[in-house]
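Taking it in order: structure first as structure tokens, then the write-up.
Naming convention: chains lettered A, B, ... in sequence-line order (proteins, then strands); numbering from 1 in each chain. Computed over heavy atoms, backbone and side chain alike; hydrogens, waters and symmetry mates excluded.
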Amino acid sequence: MLNNVVRTRFAPSPTGFMHIGNLRTALYEYLIAKSAGGKFILRIEDTDQDRLVDGALDAIYDTLNAVGLRHDEGPDIGGPYAPYVQSERKDDYLAGAQRLIQEGKAYHCFCTTERLVELKEAGGDHAGYDRHCRNLSAEEVKDKLAAGVPSVIRQKMPLTGTTTFSDTVYGDITVDNTELEDQILIKSDGFPTYNFANVIDDHKMAITHVVRGSEYLSSTPKYNLLYEAFGYEIPRYIHLPLILGEDGHKLSKRHGATGFSDLIAEGYLPEAIINYIALLGWSPTDTRELFSLAELIERFDVDGISKSPAIFDFNKLKWFNAEYLRKMTEDKFLSLCLPAFKQALPDREFDWSLLASILQNRLTTLNEIPEMIDFLKQLDENYSIEIYKHKKMKTTLESSLDMLTQILPLLETVEEWTRTVIHETLIGAAVAWEVKNGYLMWPVRIAVSGKSVTPGGAVEILTLLGKQESLRRIEIGRNKLMAARND
RNA sequence: GGCCCGUUAGUCAAGCGGUCAAGACAUCGCCCUUUCACGGCGAAGGCAGGGGUUCGAUUCCCCUACGGGUCACCA
């Protein structure tokens with residue numbers, strides 16, 4: 001009945017914060033399931049009790065929620081295969097391991113950590129376990145167990161031959177069994193290792209597609225051997241190419257903000273992040289790049305997954321972010337900006353929607369707002385008058401002083417200080433004086449902003465500042481220019 | 001070091017034997033324009049190298065180089 005339903009799972013361990021690589025894996029798992037009308041399951045892999053980190057679980061839920069990856073089953077919402085937390089399924093693993101022991105496919109190993117370390121040192125850096133306990137006699141095992149000697153359970157790997165598995169992305173991969181160590185199934189603390197718990201759970205939870213990063217490619221033969229030992233059906237493997245930092249190494253902290261929450265803190269939008277990482281390792285059949293999550297579900301296809309690793313490029317992310325900012329409705333954009341506006345300009349009321357409108361296609365991230373609008377709060381009177389000179393506008397210190405002196409009385413007569421009236425006044429003046437718009441606008445904008453580059457033009461800035469403040473700033477500019485002339 | 005995987009411009013990436021080798025980001029130029037940005041147009045830039053196979057290789061095979069991953073009582 002459920003045989004044809006695609007089931008994927010995102011199985012993070014709560015040992016840190018949500019990394020971009022993990023998120024991308026979760027995204028693809030989600031897309032693979034949803035594009036086939038299947039189920040996306042969340043399972044928490046907390047078998048390493050020493051590495052649990054407070055808050056890590058919340059980060060997982062918060063991130064999935066923020067980007068809209070809704071799971072169909074999971075610890076918080078339950079499901080037909082509950083529980084979805086590995087520490088609550090310990091009995092399953094132990095029972096499985098016992099069964100393998102009984103069938104002669106696994107064994108107790110009493111080797112101490114010290115012995116293992118010595119082995120490694122003696123045999124060079126890359127020596128594996130020597131299978132010392134593989135052939136202990138039944139009595140010996142019984143005695144040690146009875147005496148309470150700590151032990152782990154290891155799987156007996158075949159000593160000869162090869163193991164082949166098939167990956168949807170990478171094709172058939174074969175390794176010599178001699179490469180495979182007798183892997184630990186159950187640790188001495190009674191918890192299962194990752195590999196073992198994974199196989200048991202994926203089978204019991206009827207996972208059909210095992211999707212994960214390609215760093216697991218080399219441990220996949222071990223999975224197959226486990227599935228075979230149990231007689232379980234082998235799931236479809238889909239390994240994903242890694243995401244690397246700009247230096248070509250696996251993405252990590254030293255590459256800057258690569259945690260989901262870091263990116264959010266830097267002003268990136270969840271939709272932009274999702275859109276970008278969807279394209280890191282996958283491409284559609286056409287040249288389209290902008291996709292909502294729903295559109296990704298529609299278009300996603302495992303055929304488009306690539307094999308080679310991708311370098312995380314902040315430039316491209318920035319472009320996506322700017323695109324999302326620009327195509328947002330004005331209201332949505334305003335509501336996103338408002339907190340930053342009010343924080344940057346605390347004392348006065350501005351025309352917030354006008355401010356938002358001049359910022360909307362100039363922003364890359366929300367975090368750029370403060371520095372872009374700080375001049376509205378206060379004029380830095382120490383700006384250099386050199387910026388009044390502009391070659392293309394043909395403005396000079398003299399012409400600027402002239403324009404400012406002439407426009408001041410005109411602006412004083414403006415009763416209704418609105419964008420339209422200000423615009424008419426300025427343009428009207430330029431026409432009347434037979435000068436190009438920029439010849440007048442440039443010095444006015446410089447005077448009211450003190451900056452050579454501003455979001456918006458003279459008209460917008462005057463409108464935002466209000467009559468009194470605008471005239472005050474123009475007056476200041478005029479005085480600066482006059483003082484310079486008299487030197 | 002062994003094993004595994006990969007290699008098209010600075011980056012993402014299409015290509016699945018015959019193409020002037022798409023497209024996007026970044027870069028540069030021009031246009032638009034009261035600065036910047038947006039938008040429009042354009043430029044520069046690539047099949048890692050060497051052998052095969054083939055009438056013909058970016059595409060298939062081998063070798064080399066480079067890059068990455070993995071070799072835990074971590075996931």
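- Checked for salt-bridge contact, A:E295 and A:R288 meet the test: a charged N lies under 4.0 Å from a carboxylate O.
- For A:K120 against B:A72, a side-chain-to-base donor-acceptor contact under 3.5 Å is absent.
- Look at the P atom in both B:G10 and B:G49: the space between them is 13 Å, to the nearest Å.
- Judged by atom type and distance alone, A:S188 reaches the base of B:C73 through a side-chain donor-acceptor pair under 3.5 Å.
- Taking the six-membered ring where tryptophan is involved, the planes of A:F320 and A:Y276 are tilted, since the angle between them lies from 30° to 60°.
- Nearest nucleotide to the A:E181 side chain, out of B:C36, B:A72, B:A14: B:A72.
- B:G52 and B:C3 have their C1' atoms separated by 27 Å, with the value rounded to a whole Å.
- Taking the C1' atoms as reference points, B:C32 lies 43 Å from B:C16, given to the whole Å.
- A gap of 10 Å separates the P atoms of B:A26 and B:G39, to the nearest Å.
- For B:C60, the paired nucleotide is B:G52, the pair qualifying as Watson-Crick or G-U wobble because both relevant distances are below 3.5 Å.
- Only the P atoms considered, B:U54 is 23 Å distant from B:A48, to the nearest whole Å.
- Across all strands shown, A:R326 has heavy atoms under 4.0 Å from sugar-phosphate atoms exclusively, and none from any base.
- Of the P atoms belonging to B:G46 and B:G23, the separation is 15 Å, rounded to the nearest Å.
- A close approach under 4.0 Å does not occur between any side-chain nitrogen or oxygen of A:K436 and OP1 or OP2 of B:U33.
- Annotation: cation-pi geometry satisfied between A:R154 and A:Y129 (NZ/CZ under 6.0 angstrom from ring centroid, within 45° of ring axis).
- Checking B:C32 for Watson-Crick or G-U wobble geometry (two distances, each under 3.5 Å) identifies no partner in any strand.
- Nucleotides B:C61 and B:A43, compared at atom C1', are 39 Å apart to the nearest Å.
- Both cation-pi conditions hold for A:K327 and A:Y324: the charged atom is under 6.0 angstrom from the six-membered ring centre and inside a 45 degree cone around its axis.
- Judged by atom type and distance alone, A:R445 reaches the base of B:U35 through a side-chain donor-acceptor pair under 3.5 Å.
- Put simply, A:K187 has a side-chain N or O that comes within less than 4.0 Å of OP1 or OP2 on B:A75.
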Residue pair A:T15, A:S13: steps toward the side-chain hydrogen bond (donor to acceptor under 3.5 Å, both in side chains) verdict: CA-CA 6 Å; A:T15 54; A:S13 61; 3.2 Å; yes
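- Checking B:C74, B:C36, B:A24 against the side-chain heavy atoms of A:R362 singles out B:C36 as nearest.
- The pair A:R43-A:E45 counts as a salt bridge, with a side-chain nitrogen and a carboxylate oxygen less than 4.0 angstrom apart.
- Looking at heavy-atom distances under 4.0 Å, A:K392 makes contact with a base.
- With a 3.5 Å ceiling on both atom-pair distances, the Watson-Crick or G-U wobble partner of B:A24 is B:U11.
- A:A310 comes within contact range of the sugar-phosphate backbone alone, with a heavy-atom separation under 4.0 Å but no base atom that close.
- Using a 4.0 Å heavy-atom distance criterion, A:T454 is classed as a base contact.
- Comparing B:C4 with B:U64, their P atoms are spaced 13 Å from each other, to the whole Å.
- Backbone-only contact: A:G281 has heavy atoms under 4.0 Å from sugar-phosphate atoms and none from a base.
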